[in-house]
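Before any comments, here is the structure.
Quantities reported herein were computed from a predicted structural model and do not represent experimental measurements. Naming convention: chains lettered A, B, ... in sequence-line order (proteins, then strands); numbering from 1 in each chain.
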Amino acid sequence: MLYNQNELPKFMQTAGKITILTAFAGVAVFLFAFVFDAGTQQLNRVSAETASTTLTVLNTPPTFQQAAYEVVESSTSTPTNSGSVIQWRAIGNDSNGAPYFLLICSGNGAPTANPASGPGNLGTAPPRCPTGTQWGVSAATNSSQPATVSTTTSEAGTFAGGSFNGEKHRWFAWVCDDDPVNPRCSTAFSQGFSATNSSPYHINKRPVLTSATNNGPVNPGATLTFSSVSTDPDTIGGEDNIFIVVCDSNNYNTTTNTCNSGFLASTSVGVTANANAAYILASIVRDNVYSAFTFLVDQHGHEALANPIQNNFTVNNVAPTVLGGDITLNSASNLILTVPGNQTTGFTLQYTLRDANSCVNTTGTPGSEFAGYRIAIHRSGISSSTCNSTVGSHNPNNCYASQVPSSVWNLNCTASTTSCTGALDDSMVYNCTFPLWFVADPTDTGTPWASQNWVASVAGVDDDGAIGVLRTASIGQELISFVALDLITASIPYGGLEPGTNSPTLNATTTILAVGNTALDQENLGESMCTTFSVATECRPSATSTVPESEQKFATTSVSYGNVAALRLSSTTVRELELNVNKTTSTTTRSQGITYWGIAVPASITLAGSYRGLNTFTAVRSEIGQGW
Amino acid sequence: MKARRFMNKFSKLLACLPVLFFLVMAPVAEAGFGITPPYVRNTSLIRNSTYEQQILLVRGDPNTAQKAEVTIDAPEIQDWIQIVEGSTIALPRGEQKVPMTVRVTVPEDAEFKDYTGAIRIRTVADDGQVAEGAVSISLGARVDIELSVIDKEIKDFRVRRVSIAELNEGHKFWWLFFPGKIRFETLLENIGNVDVAPSRVELKMYERTGTVLLEETSNIGKVPKVKPYATEPVVAEIPTRLPSGSYVARYKVFNGDEVKQEGELSVNILPYGTLQLAGFGFMGLSIAHKISILLPVFALLIAILYLIHIKRSRKKNRL
């Protein structure tokens with residue numbers, strides 16, 4: 001339908017528009033009032049005026065902004081040593097902006113929040129655990145700031161009665177405020193947020209060291225074992241391995257778990273009880289008592305309360321030793337006797353004594369570890385068990401023993417001043433001189449002892465009187481034959497004879513003495529006799545004034561002058577007389593050999609007087625088996 | 001009158017008694033005489049060789065001057081033997097022992113066989129006087145000569161002494177380890193007739209107590225030789241890789257395959273640099289270390305030679 005608007009009355013022209021406008025205006029007012037809550041007070045007033053109602057808005061509890069956790073992991077593998085500090089940390093949030101407390105309890109019962117005395121004293125009334133053990137409560141902490149709880153664990157007492165023998169402990173963390181009116185704790189507890197920082201925490205108890213010993217005394221170079229009676233009370237995850245650490249003084253470092261200095265030994269293989277440690281002594285150690293302190297520690301570096309137990313050990317005194325190659329007899333030269341019938345001096349012996357207790361004792365004086373020696377110088381056929389340096393074994397023929405008085409055998413030894421350089425040196429060189437008697441058995445070719453030689457056997461005596469084993473030199477030296485003779489009288493006592501007569505028997509005697517170390521035979525030569533004889537001017541042949549040497553006869557017995565056994569003396573042909581003078585074996589009584597002499601004075605001799613001449617006795621070493 | 005009667009009686013007595021007095025009195029002798037050794041012995045002489053032996057003449061009482069008269073009684077070899085000091089040797093007052101040197105010179109045409117003889121020595125007063133009215137006695141001694149001339153070489157020795165001086169331990173230089181040098185000294189007596197030295201010296205090194213074997217080693221290089229009949233020290237140089245410490249060395253000295261001497265000696269090895277002694281150089285290095293040095297050197301040489309070769313080839317081609 002179409003209307004002609006211009007034809008209608010005015011009111012007809014505006015009808016509907018006002019209605020719509022009014023409707024829109026009403027809606028607008030409504031919306032304004034709804035959105036802006038306009039007129040609330042007026043309405044309330046109108047209400048109050050009309051009804052009485054009450055509403056208390058309560059304090060809201062703080063909440064965990066960050067869950068509680070162990071600051072340092074405390075777990076089976078990384079427990080907290082007893083006596084160490086354990087820390088928890090969390091961040092709490094209080095909707096009122098009030099401070100809060102972090103509370104750690106052993107149980108999960110809702111803690112008791114305590115009200116502060118007034119709004120001005122917020123943060124002064126910490127909460128507490130309702131039952132069980134309260135591990136700790138933090139100081140009041142501003143909302144949204146981290147709160148930390150610290151407490152020191154202890155070996156016993158504080159946590160006794162905890163679960164699992166006090167070794168493992170559950171913990172429950174709460175955050176609480178101390179609203180004066182309505183203090184609240186968080187509605188839920190926290191137990192950490194990862195496997196490594198969550199409840200429970202673990203206490204590592206100290207290992208228990210009951211006693212410590214060692215198997216000393218031991219010799220230098222040996223293994224000394226330090227033992228302990230020790231246990232570890234921890235059981236969770238199995239017993240802890242325990243170790244002992246041995247220091248030479250009480251200077252164990254609990255941080256590095258070893259000695260600050262003077263480390264001796266430690267357990268090398270983990271054990272759960274009775275730990276021990278091996279200590280290999282140096283090869284050269286003075287005999288003495290040495291300090292040792294035993295410390296017990298578990299695998300988590302937790303030390304026993306009994307640490308340290310002093311456990312000194314003793315290093316044995318050992319006897320000095322000698323090596324055969326370290327003995328040099330007579331500077332590696334043959335032994336040569338040069339004094340007939342007496343002692344030849346100046347033979348030498350050099351040897352090195354070694355002692356595992358070092359060459360220096362605790363006095364520090366070089367060579368002080370050594371107090372003496374046992375020396376035997378002997379023919380190698382006489383063993384060192386027979387010729388053992390004792391007085392009874394001494395025999396100037398074949399065994400010289402150091403224990404005889406110096407008046408019997410003057411062995412003189414002095415320590416070298418250049419050897420023994422300190423406590424780490426085990427050796428000392430000695431230089432000796434000694435004499436040998438003329439009877440000392442020869443060992444060179446042509447003697448009964450040609451297959452032998454002379455050797456020295458040496459043992460050391462230390463400052464504690466320990467005597468080593470006699471060791472014989474690796475290399476011996478020959479003692480050379482010494483053919484020497486002496487005479488009791490230096491001339492032949494023929495007496496007086498008339499020309500044309502002779503000694504009826506060989507009754508004049510000469511006696512030779514064996515003053516060397518061999519058996520002897522004797523060769524004789526002689527010159528003619530006259531009254532003017534001298535070595536330079538021999539006798540002129542003369543029937544009347546010279547007695548030829550051949551008129552002299554000699555034999556080993558007093559046979560008659562004409563006996564065939566009587567040998568004629570010659571000036572050119574040597575005649576050997578098998579005297580077989582025994583080798584002298586006594587230093588005081590020499591073996592003797594007697595030659596019997598006789599003479600004939602030719603009838604042609606007319607010149608009376610004292611005739612003189614010179615016979616030569618030549619010493620000859622006897623054959624083996626004759627006089628040795 | 002009385003005097004004349006006495007003279008007559010004395011003249012008659014002299015005429016009746018042409019008696020010879022050979023001894024007025026018997027003086028006591030206290031002066032022994034001896035020699036050592038009583039022989040000159042060598043059983044391995046070769047032609048044209050010379051051997052000397054010293055013999056000591058000794059007296060019990062050297063308070064009077066004497067002289068020794070020496071005679072050689074060795075018909076076959078009289079010309080070979082010489083007394084270096086002469087046939088009369090002074091025994092001065094105060095000298096208790098006097099050496100006498102016997103020199104044996106074997107001629108070129110000497111027969112190969114054994115020779116014997118004797119040298120006799122007698123002592124007489126320096127002035128040649130003998131006691132009045134006595135048959136005096138001169139003391140002497142005989143030196144036996146035993147020589148053999150042979151036509152084969154004898155290589156033999158006797159070890160008279162062994163010793164090991166202190167040494168420095170070995171040291172590392174870059175990757176090379178230069179071992180310590182053990183100087184094993186042997187006093188060697190050549191008892192053969194040609195120059196000789198130990199063919200090998202072996203050491204087994206034990207720890208101080210001699211129970212644990214630590215190292216076996218032997219000499220590097222040759223040991224100097226000793227002339228026939230001489231006694232001289234020779235040194236064998238032996239490497240060791242042991243650290244400083246005290247050890248026991250068990251040694252063996254070889255002559256060919258024969259062990260001439262064995263025994264034990266102590267060895268002290270000191271920290272490197274303690275002694276001013278040179279250690280081993282290149283010779284002491286292990287084979288691996290030697291190769292590690294030689295290989296690059298050879299490679300370099302080959303490279304240089306190759307370059308030279310290429311250069312020459314190019315030059316040739318250009319021409």
Original post:
Which bit of A:Thr501 is near chain B, if near means a heavy-atom gap under 4.5 Å: side chain, backbone, both or neither?
Top reply: neither

Subject >> Criterion side-chain contact (heavy atoms from CB on, under 4.5 Å) on A:Leu614 and B:Ser138, from CA distance to verdict >> reply: CA-CA 7 Å; A:Leu614 181 67; B:Ser138 157; 3.8 Å; yes

Original post:
Under a 4.5 Å heavy-atom cut-off, does chain B meet the side chain of A:Val322, its backbone, both or neither?
Top reply: neither

Subject >> Interface moiety of A:Glu576 toward chain B, non-hydrogen atoms closer than 4.5 Å >> reply: side chain

**OP:** Name all residues meeting the side chain to side chain donor-acceptor pair (under 3.5 Å) criterion together with B:Glu146; count only those two or more places apart in sequence or in a different chain, and write none if there are none.
**Re:** B:Arg41

**OP:** Using a cut-off of under 4.5 Å on heavy-atom pairs, state which of A:Asp444, A:Thr352, A:Asn342 scores highest against chain B.
**Re:** A:Asp444

**OP:** Please report the shortest heavy-atom distance between B:Val248 and A:Arg354, naming the atom on each side.
**Re:** CG2-NH1, 3.7 Å

Original post:
Hey, are B:Arg142 and A:Thr618 close enough side-chain-wise for a donor-acceptor pair under 3.5 Å?
Top reply: no

Original post:
Is it the backbone or the side chain of B:Val162 that comes under 4.5 Å from a heavy atom of chain A, or both, or neither?
Top reply: both

Subject >> Option in B:Ser246, B:Ser163, B:Ser136, B:Gly263 with maximal non-hydrogen atom pairs under 4.5 Å from chain A >> reply: B:Ser136

Original post:
OH of B:Tyr39 to OG1 of A:Thr445: how many Å apart, nearest 0.5 Å?
Top reply: 6.0 Å

**OP:** To the nearest 0.5 angstrom, please state how far the CG atom of B:Leu57 sits from the OG1 atom of A:Thr338.
**Re:** 11.5 Å

**OP:** Return yes if some donor-acceptor pair links the side-chain N/O of B:Glu207 with the main-chain N/O of A:Gly221 below 3.5 Å, else return no.
**Re:** no

Original post:
Got B:Val58 and A:Val339 here, is their nearest side-chain heavy-atom distance under 4.5 Å?
Top reply: no

Subject >> Interface residues of residues 324-337 of chain A facing chain B - heavy atom cut-off under 4.5 Å >> reply: A:Gly324, A:Gly325, A:Asp326, A:Thr328, A:Ser331, A:Ala332, A:Ser333, A:Asn334, A:Ile336, A:Leu337

**OP:** Calculate, to the nearest 0.5 Å, the distance between atoms CG and CD1 belonging to B:Leu187 and A:Ile475 respectively.
**Re:** 8.5 Å

**OP:** Report the distance from atom CG of B:Leu139 to atom CG of A:Asp486, rounding to the nearest 0.5 Å.
**Re:** 6.5 Å

**OP:** Please list, chain by chain and in numerical order, all residues satisfying side chain to side chain donor-acceptor pair (under 3.5 Å) with B:Glu202, sequence neighbours excluded.
**Re:** B:Arg200

Original post:
How far apart are the closest heavy atoms of B:Glu262 and A:Ser474, and which atoms are they?
Top reply: O-CB, 4.2 Å

Subject >> Portion of A:Ala356 that has a non-hydrogen atom of chain B nearer than 4.5 angstrom >> reply: both

Original post:
Can you name the residues that form a side chain to side chain contact (heavy atoms under 4.5 Å, CB included) with A:Ser503, not counting sequence neighbours?
Top reply: A:Leu497, A:Asn507, A:Ile599

Original post:
Is it the side chain or the backbone of A:Gln552 that comes within 4.5 Å of chain B heavy atoms, both, or neither?
Top reply: side chain

**OP:** Mind checking the CD1-CH2 spacing from B:Ile137 to A:Trp597? Nearest 0.5 Å is all I need.
**Re:** 7.0 Å

Original post:
Given a strict heavy-atom distance threshold of 4.5 Å, which part of B:Thr209 is in contact with chain A: side chain, backbone, both, or neither?
Top reply: neither

**OP:** Over all heavy atoms of both residues, which pair between B:Asn268 and A:Ser427 is shortest? Give the atoms and the distance, please.
**Re:** ND2-OG, 3.9 Å

